[in-house]
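For reference, the structure discussed in these notes is given below.
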Amino acid sequence: MNVILLSVVSFLNDVSSEMILPLLPVFILSLGGDEIVIGLVSGSMGFVSSTIKALFGFLSDRLRVRKPIVFSGYLSSAFFKFLLSLSRVWQHVLVFTSLERIGKGIRTAPRDAMISESIPKEKGRGFGIHRAMDTSGALLGAILAFLLIYEFDLSIRDILLLAALISFLSLIPFIWIKETYQKVRMKRAFNEIGRIDKRLKIFLVIATVFSMSNISYMFFLKRSEEVFGPKFYLVTYIVFNIFYAIFSYPSGVLSDRIGRWKVLSAGYLLFAITSMGFSFVNIGWVLIPLFSLYGISFALFDGNQRAFVSDLSDPKIRATALGVFHTLIGVTSLPAGIIAGYLWRSFSYSFTFLYSGLLALVSSILLIFYGLKAYRSN
């Protein structure tokens, strides 16, 4: 039941978030920002949240609580979404989106630990359910954003305010969510980090390399906006979320059956192909299948990375390990965003997506060799 309830929370919260996120590039540009600012904002969002994920994962293990920390993270995000609707210059957007992401940093590791502990024998299935619900919320949010701005003629500020109200509604299921912490002493949890499984350490390095290639969705949307115009570019984001939602649960189940590293390698490789496609394609209709592949690649690697970290971590420090994972892949979002924005403005969009694709390809190759060595030798 916990997995379902947490998935409902994520569903509603992502309805809120995805009413905001696809509009951010346009909102930033309307407030005087440019491609560098888009990269700065998107990078800062990931960087700020990720710098505290390990800390709150550790606190969750040390204090032996999950639920209050997860709740406070969602509450914090809802509050700063409300403040975001009051933004008047792009600097406000930078500050409020970064502060909103602090809530994500607080909740992510203990929430993922709750999912893992609620369905320990089928972690891929558990994370697949969560990611499918999460992404279904994202799909609904993107559709609502499209309808509200183009059919009902609401301003971006009105949509941001409505999104904040929905985010507050996402807190209601916490009434029925149950605590899942392990009833063991964890005073030395943080000291155990130095002795985590070698396979996990290697995977964390590979995942960090991949995160440098996983540039913000804002760049994909900006390219779509250039091709389709300011109205129909949101349709491509809806396509992304449709395929992300459809394939999230099956990819989790598949990873339970054939192995995480195999599904993750496929996800990394598909993302590389997608990014390279964005680099070379200049025909509008071709972007639709590319956004489909973009969604499928996320379905393959997003939830399964979390499940893999859970597999390889000691239950006593599971939230801590997940926090370290999220921190490592998140702190790279700032330099990745700045690099992507610089390449776009100084050269062209092709260089941005080529950088992303080549680095993702390297990550896929590294993970394949890692899997062959670590698992086939056993």
Side-chain angles (χ1 to χ4, degrees), residues 39 42 46 128 131-132 135 138-139 203 205-228 233 235-252 254-255 258-305 308 329 332-333 336-337 339-341 343-344 347-372:
S42 63
R131 299 319 298 166
T135 310
L139 172 60
F203 174 67
V205 172
I206 296 172
T208 302
V209 174
F210 175 71
S211 70
M212 282 294 295
S213 74
N214 189 11
I215 60 175
S216 172
Y217 73 95
M218 292 189 191
F219 292 104
F220 292 89
L221 284 184
K222 187 176 188 305
R223 180 60 188 147
S224 179
E225 194 272 339
E226 290 178 348
V227 174
F228 290 102
Y233 83 95
V235 173
T236 57
Y237 192 60
I238 292 171
V239 170
F240 160 77
N241 280 298
I242 288 173
F243 281 86
Y244 188 2
I246 289 174
F247 284 89
S248 287
Y249 178 73
S251 71
L254 183 64
S255 76
I258 70 172
R260 310 270 188 244
W261 71 269
K262 296 176 183 177
V263 177
L264 285 171
S265 298
Y268 287 5
L269 180 59
L270 187 58
F271 182 80
I273 293 170
T274 302
S275 292
M276 290 182 184
F278 270 88
S279 177
F280 295 111
V281 169
N282 196 28
I283 303 173
W285 65 267
V286 180
L287 289 185
I288 301 297
L290 283 178
F291 269 95
S292 303
L293 295 179
Y294 187 32
I296 296 171
S297 69
F298 261 73
L300 290 172
F301 70 73
D302 194 18
N304 284 319
Q305 287 187 127
F308 201 27
I329 67 169
T332 58
S333 61
I339 291 171
L343 290 173
W344 191 306
F347 301 98
S348 75
Y349 70 88
S350 294
F351 285 83
T352 294
F353 293 115
L354 187 60
Y355 153 79
S356 172
L358 290 176
L359 200 54
L361 179 61
V362 171
S363 304
S364 177
I365 294 171
L366 289 174
L367 187 55
I368 290 170
F369 279 107
Y370 160 82
L372 291 174

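Predicted model only: the values in this text are computed from it and were never measured.
Separating the OG atom in S255 from the CG atom in N304 is a distance of 3.5 Å, to the nearest 0.5 Å. Here CG of L361 is found 12.0 Å from CZ of F271. Values are rounded to the nearest 0.5 Å. From L264, atom CG reaches atom CD1 of I368 across 11.0 Å, with rounding to the nearest 0.5 Å. In this structure, the separation between OH on Y244 and CD1 on I296 is 13.0 Å, given to the nearest 0.5 Å. Atoms CD1 and OG1, on I215 and T332 in that order, are 12.5 Å from each other to the nearest 0.5 Å.
Looking at Q305 and F203, their side chains come closer than 4.5 Å, going by heavy atoms from C-beta outward. Contact check for F210 versus L366: no side-chain heavy atoms found under the 4.5 Å cut-off. I206 is listed as a side-chain neighbour of Y370, based on a closest heavy-atom distance under 4.5 Å. In this structure, the side chains of I288 and T236 come closer than 4.5 Å at one or more pairs of heavy atoms. Here the side chains of K262 and L254 are not in contact, with every heavy-atom distance at 4.5 Å or above. Counting heavy atoms from C-beta outward, W344 and F351 have side chains that stay 4.5 Å or more apart.
Considering all non-hydrogen atoms of both residues, V263 and S251 come closest at CG1-O, 4.1 Å.
Ring geometry for F353 against F220 counts as tilted: the plane angle lies between 30° and 60°, on a 0 to 90° scale.
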Check: For Y237 and Y294, what are the C-alpha separation, side-chain angles and deciding distance, and is it a side chain to side chain contact (heavy atoms under 4.5 Å, CB included)?
Finding: CA-CA 10 Å; Y237 192 60; Y294 187 32; over 6 Å; no
Note to self: Is there a side chain to side chain contact (heavy atoms under 4.5 Å, CB included) between I329 and M212? Walk through the geometry before answering.
What the structure shows: CA-CA 8 Å; I329 67 169; M212 282 294 295; over 6 Å; no
Margin query: Checking K222 against Y349 for the side chain to side chain contact (heavy atoms under 4.5 Å, CB included) test, could you report, in this order, the C-alpha distance in whole Å, the side-chain angles of both residues, the deciding distance, and whether it holds?
Written below: CA-CA 9 Å; K222 187 176 188 305; Y349 70 88; over 6 Å; no
Checklist line | Pair F240-L139, side chain to side chain contact (heavy atoms under 4.5 Å, CB included): steps then yes or no | finding: CA-CA 8 Å; F240 160 77; L139 172 60; over 6 Å; no
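Looking at T352, its side chain does come within 3.5 Å of a backbone N or O of A340 through a donor-acceptor pair. Using a distance-only test at 3.5 Å, with no hydrogens or angles considered, no donor-acceptor pair links the side chain of T135 to the main chain of A132.
Taking the salt bridge (charged side-chain N to carboxylate O under 4.0 Å, His left out) definition, one finds that R223 meets it with E226, sequence neighbours left out.
Applying the side-chain hydrogen bond (donor to acceptor under 3.5 Å, both in side chains) definition to pairs two or more places apart or across chains, those involving residues 354-365 are S275-S356. Listed by first and then second residue, the salt bridge (charged side-chain N to carboxylate O under 4.0 Å, His left out) pairs that reach into residues 276-290 come to none, sequence neighbours excluded.
The ring pair (Phe, Tyr, Trp, His ring centres under 6.0 Å) with F291 is formed by just one residue from the set F298, F243, F278; it is F278.
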